[in-house]
Amino acid sequence: MAKQKEQEFVQHITPRDQDFSQWYTDVILQTGLVDYAPVRGCMVIKPYGYAIWERIQKELDDRFKATGHENVYMPMLIPESFLLKEAEHVEGFAPEVAWVTHGGLEPLQERLAIRPTSETMFCAMYSKWVQSWRDLPMLYNQWCSVMRWEKTTRPFLRTAEFLWQEGHTIHETVEEAQEETLRMLEVYRETAEDVLALPVTCGQKSEREKFPGARATYSIESMMQDGKALQAGTTHNFGTNFAEAFDIKFLSREGKLEYVHETSWGVSTRMIGAIIMTHGDERGLRLPPNVAPIQAVVLPIAQHKPGVIEGAKAVADALKAAGIRVKFDDRDTVSAGFKFNDWELKGVPLRVEVGPRDLEAGQAVVARRDTFEKITLPLEGLAEALLSLLEDIQKTMFEQAKAFRAEKTHVVLDYDGLKAAVNGGFAKGMWCGDPACEERVKAELSATTRNMPFDQTPVGDACCVCGKKADKVMYFAKAY
RNA sequence: CUGGGUGAGGCGCAGUUUGGUAGCGUGCUUGAAUGGGGUUCAAGAGGUCGCAAGUUCGAAUCUUGUCACCCAGACCA
């Protein structure tokens, strides 16, 4: 009977192993994270989805502030002439820029781009604001949305408009800029791993894969449950590329006019897609406690009986007072069983059941979303017990994801090995550095170079694509 | 952009081959019972079949066009 129930229930979501894409779509729609918008390629982020974004924002923003950054806001419209100033940059973004051509009924003299990213706007302002080395560094960030006219879209992973943060900084020296680039990558790594429980590999992008206009691009790459890679965040060192194009100069300590060294870095709502595709299971979402908008849901059981609602509410209030993000679900329109499934679908890490029998015995039944383990705990000291459970869930989910990634990552020595490994996982191999090898891998295996990890301990000496002498360790994978 | 698929009450679908004026499940509303894993029964509300043109006495069904979404590629956070 229980088995039968189980079957009935999972048919709401397409099985993950059967069709990962459909499973993803089912989960995001049924959990109420997003809805498709009336405008092509755009999504509506619903309250539960936005609550997750707000959690991510807070965690990142605190870390940005702690590393000395300040928030600003730049206009959404960028004059075409700005975009044209940096050659690689224009070329990279031209195909996906949306344009404003009219103001009211009048055509504009110069068309305006809806920002696909704000490097050029920041540059234009920095060139006004910087005079002296004493003005440096300038460490600014903005939270905003950007628009890229994508051909194919997918909620959270790729949409025409998406929410993100973009940090833009300028520095006196190339060393300082490089330090900043790596510092922010570390902020991203820490947030991804400690808050979102997403194991990531940090490293440098190849020439082919770097950001248009950057001297060097670094990324954090995470592995989804279908073995594909998702670039979860990038940081760029521009050197003086943009400074030269926008004439951003300062008078140095030696009294010489010099170009500033610039960086930029960003993560987006794509992070939410990464959480879903890394942690989700047959029952829907699983949210790591540190990012979950609701960490524990308290359910009164047999709530029509006298004293149950009051008793359960007291439990919920005590947990809230201890700093746990709690939802007290006293809906009387649905059954307890419905609520169990509802909150499991939504990925709430802990469920606390409080019924008449529990209240009498001074206890509660607690169920973990990650392991489905059910335990009975005394109400006395419940908050402390749950706090440590939440910590354990966070750790367990991260370890699970790490183990999955380890299992699906293979060291490869030659092309056959590479071919096998990128079919459902990451390949770690040596690379000679020739873009021709990347082209071949892309054309034949539809995989790309992801990044060169900071740990460059060689795993061989021959390029796993062409067999020539190689000295770079590179991750290859199919990517979103 | 290329290939494949789908558009029908809020959601999921049968009906299209063989044109005859729209049906099922779920959800929603109301009432009663139930209440520790997606409750049960009863009574209701809700669509003219993505859009446009055409063929026909008559089109969800046939023809042409068009739009949107989904999947797989190519391109990108």
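If you measure from atom CG of A:Asp330 to atom P of B:rG36, you get 16 Å, rounded to the nearest angstrom. The nearest whole Å value for the distance from the CH2 atom in A:Trp343 to the P atom in B:rG38 is 18 Å. Between the CZ atom of A:Arg40 and the P atom of B:rU66 there is a distance of 17 Å, given to the nearest Å. Following rounding to the nearest Å, A:Phe211 (CZ) and B:rC75 (C1') show an atom-to-atom distance of 16 Å.
Summary of the strand contacts: A:Ala447 and A:Gly233 both lie near RNA chain B, and taking for each the nucleotide with the nearest heavy atom, the more 5' one is attributed to A:Ala447. Closest-nucleotide positions on RNA chain B for A:His304 and A:Gly41 were compared, and the one nearer the 5' end corresponds to A:His304.
Residue A:Glu353 is in base contact, counting any heavy-atom pair closer than 4.0 Å across all strands shown. Among the atoms of the strands shown, only primed sugar atoms or phosphate atoms (P, OP1, OP2) are found under 4.0 Å from some heavy atom of A:Ser21. Using a 4.0 Å heavy-atom cutoff across all strands shown, A:Val365 reaches at least one base atom of the nucleic acid. Using a 4.0 Å heavy-atom distance criterion, A:Leu230 is classed as making no nucleic acid contact. Residue A:Pro356 is in base contact, counting any heavy-atom pair closer than 4.0 Å across all strands shown. Using a 4.0 Å heavy-atom distance criterion, A:Lys478 is classed as making no nucleic acid contact. At a threshold of 4.0 angstrom between heavy atoms, the contacts of A:Gly273 with the nucleic acid are absent. No contact: A:Asp19 has no heavy atom under 4.0 Å from any strand.
Taking the ring axis of A:Phe340 as reference, the NZ or CZ atom of A:Arg351 stays within 45° of it and closer than 6.0 Å to the ring centre. A cation-pi arrangement, defined by a distance under 6.0 Å to the six-membered ring centre and an angle within 45 degrees of its axis, is absent between A:Arg270 and A:Tyr480. In this structure, A:Lys85 satisfies the cation-pi test against A:Phe82, with its NZ or CZ atom closer than 6.0 Å to the six-membered ring centre and inside 45 degrees of the ring normal.
Taking 3.5 Å as the limit, the base of B:rG35 and the side chain of A:Asp332 contain no donor-acceptor pair of atoms between them. Between the base of B:rG37 and the side chain of A:Glu344 there is a donor-acceptor pair shorter than 3.5 Å. Side chain A:Thr152 to base B:rA74: a donor-acceptor pair is found below 3.5 Å.
Dashed line: the shortest gap from a side-chain N or O of A:Tyr36 to OP1 or OP2 of B:rC70 is under 4.0 Å. Taking 4.0 angstrom as the limit, A:Ser268 places none of its side-chain polar atoms (N or O) nearer than this to OP1 or OP2 of B:rA77. In this model, the phosphate group of B:rC75 is approached by a side-chain N or O of A:Lys442 to a distance below 4.0 Å at OP1 or OP2. In this structure, A:Thr25 reaches the B:rC71 phosphate: one of its side-chain N or O atoms is under 4.0 Å from OP1 or OP2. A sub-4.0 Å separation between OP1 or OP2 of B:rA72 and a side-chain N or O of A:Arg154 is present.
Aromatic pair A:His89/A:Phe242: ring centres closer than 6.0 Å.
With hydrogens and angles disregarded, a donor-acceptor distance shorter than 3.5 Å links the side chain of A:Asp281 to the backbone of A:Gly284.
With both ends at atom P, the span from B:rG20 to B:rU61 equals 11 Å, rounded to whole Å. Rounded to whole Å, the P atom of B:rG25 lies 15 Å from the corresponding atom of B:rA14. With P as the reference atom, B:rG3 and B:rU17 are 27 Å apart, rounded to whole Å.
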Worksheet item: Dot-bracket for RNA chain B, 5' to 3', with Watson-Crick and G-U pairs under 3.5 Å, [ ] for crossing pairs and | for other-strand pairs: what is it?
Response: (((((((..((((......[..)))).((((((.....)))))).....(((((..]....))))))))))))....
